[in-house]
Asker: 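Pasting a structure here, questions to come.
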Amino acid sequence: SPLKKLMQIGGYEFDWNEKQDTYEGHDVGVIAQEVEKIFPEIVRKSEKTGYKSIKYEKLVPLLIESVKDQQKQIDELKLQIKEIKDGSS
């Protein structure tokens, strides 16, 4: 289940450091080493620097399936609530 796997990944705020010269300032993202344990195909390693990065576009299909899974759970809970309400009337 993509949802169970995505629940193991955190979203973080961070500030870029001076060890690279591409980005600066405050940003948000995930930790490549964390993602790599669950989805190794989404992580790439730079041959030049050795740094790991995320192929964020590869997360989109997993997020879509997770939203669909959550919606299914919500719909089932709504039905249970309705059945409880109808039964107590």
Side-chain angles (χ1 to χ4, degrees):
S1 164
L3 181 57
K4 285 182 182 181
K5 290 180 179 180
L6 286 172
M7 293 294 292
Q8 299 175 55
I9 299 171
Y12 302 94
E13 293 185 43
F14 61 93
D15 295 308
W16 288 99
N17 61 30
E18 294 79 32
K19 293 181 181 180
Q20 50 79 46
D21 57 3
T22 307
Y23 304 102
E24 62 181 47
H26 193 73
D27 212 340
V28 294
V30 295
I31 296 175
Q33 291 81 354
E34 210 174 77
V35 174
E36 187 175 39
K37 292 176 186 174
I38 303 156
F39 302 110
E41 64 278 10
I42 292 177
V43 177
R44 65 179 154 234
K45 186 175 182 179
S46 168
E47 291 182 25
K48 181 180 174 185
T49 65
Y51 292 138
K52 294 180 179 179
S53 61
I54 302 295
K55 300 176 198 172
Y56 281 97
E57 70 278 5
K58 299 288 186 180
L59 281 173
V60 173
L62 301 168
L63 294 169
I64 290 169
E65 289 305 309
S66 294
V67 169
K68 288 164 54 176
D69 189 32
Q70 283 187 330
Q71 188 59 50
K72 182 180 174 188
Q73 292 176 34
I74 291 167
D75 291 343
E76 289 170 358
L77 290 170
K78 285 173 146 181
L79 183 59
Q80 289 177 13
I81 291 170
K82 183 180 181 324
E83 289 171 355
I84 290 170
K85 283 183 175 181
D86 290 348
S88 65
S89 301

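Here, residue 1 is the first one in the sequence, and each next residue gets the next number.
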Asker: Can you confirm whether Asp75 is buried at CG, in the sense that more than 12 heavy atoms of other residues, nucleotides or ligands lie under 6.0 Å from that atom?
Answerer: yes

Asker: What I'd like to find out is whether the side chain of Lys55 reaches to under 4.5 Å of the side chain of Arg44, using heavy atoms alone.
Answerer: yes

Asker: Are Ile64 and Leu59 joined in one hydrophobic group, where the rule is that I, L, V, M, F, W and Y side chains link up if heavy atoms are under 4.5 Å apart?
Answerer: no

Asker: Looking at every non-hydrogen atom in both residues, tell me the closest pair between Val28 and Phe14 and how far apart they are.
Answerer: C-CE2, 3.5 Å

Asker: With a 4.5 Å cut-off on side-chain heavy atoms, are Glu76 and Leu79 touching?
Answerer: no

Asker: If I compare all heavy atoms of Glu34 with all of Gly10, which pair ends up nearest, and what's the gap?
Answerer: OE1-N, 2.7 Å

Asker: Are any of the side-chain heavy atoms of Tyr51 and Lys19 separated by less than 4.5 Å?
Answerer: yes

Asker: Heavy atoms, side chains only, cut-off 4.5 Å: are Gln71 and Ile74 in contact?
Answerer: yes

Asker: Return the CE to NZ distance between Met7 and Lys4, rounded to the nearest 0.5 Å.
Answerer: 11.0 Å

Asker: Heavy atoms, side chains only, cut-off 4.5 Å: are Val43 and Ile54 in contact?
Answerer: yes

Asker: Distance check, rounded to the nearest 0.5 Å: Lys68 atom NZ versus Leu3 atom CG?
Answerer: 13.0 Å

Asker: Is atom NZ of Lys45 surrounded by more than 12 heavy atoms (other residues, nucleotides or ligands) closer than 6.0 Å?
Answerer: no

Asker: Do the side chain of Gln20 and the main chain of Asn17 share a donor and acceptor less than 3.5 angstrom apart?
Answerer: yes

Asker: Please report the interatomic distance CD1(Ile42) to CD1(Ile9), rounded to the nearest 0.5 Å.
Answerer: 7.0 Å

Asker: Rounded to the nearest 0.5 Å, what separates atom CD in Gln33 from atom NZ in Lys52?
Answerer: 5.5 Å

Asker: Looking at every heavy atom in both Ser66 and Pro2, which two are closest together, and how far apart are they?
Answerer: OG-C, 3.5 Å

Asker: Minimum heavy-atom separation for His26 to Glu13, with atom names?
Answerer: NE2-OE1, 2.8 Å

Asker: Can you see which heavy atom on Asp69 is nearest to which on Ser1, and at what distance?
Answerer: OD2-OG, 3.8 Å

Asker: Which atom pair, heavy atoms only, marks the closest approach of Tyr56 to Val30?
Answerer: OH-N, 3.2 Å

Asker: Taking a hydrophobic cluster as the set of Ile, Leu, Val, Met, Phe, Trp and Tyr residues connected by side-chain heavy atoms closer than 4.5 Å, whether directly or through intermediates, do Leu62 and Val67 fall within one such cluster?
Answerer: no

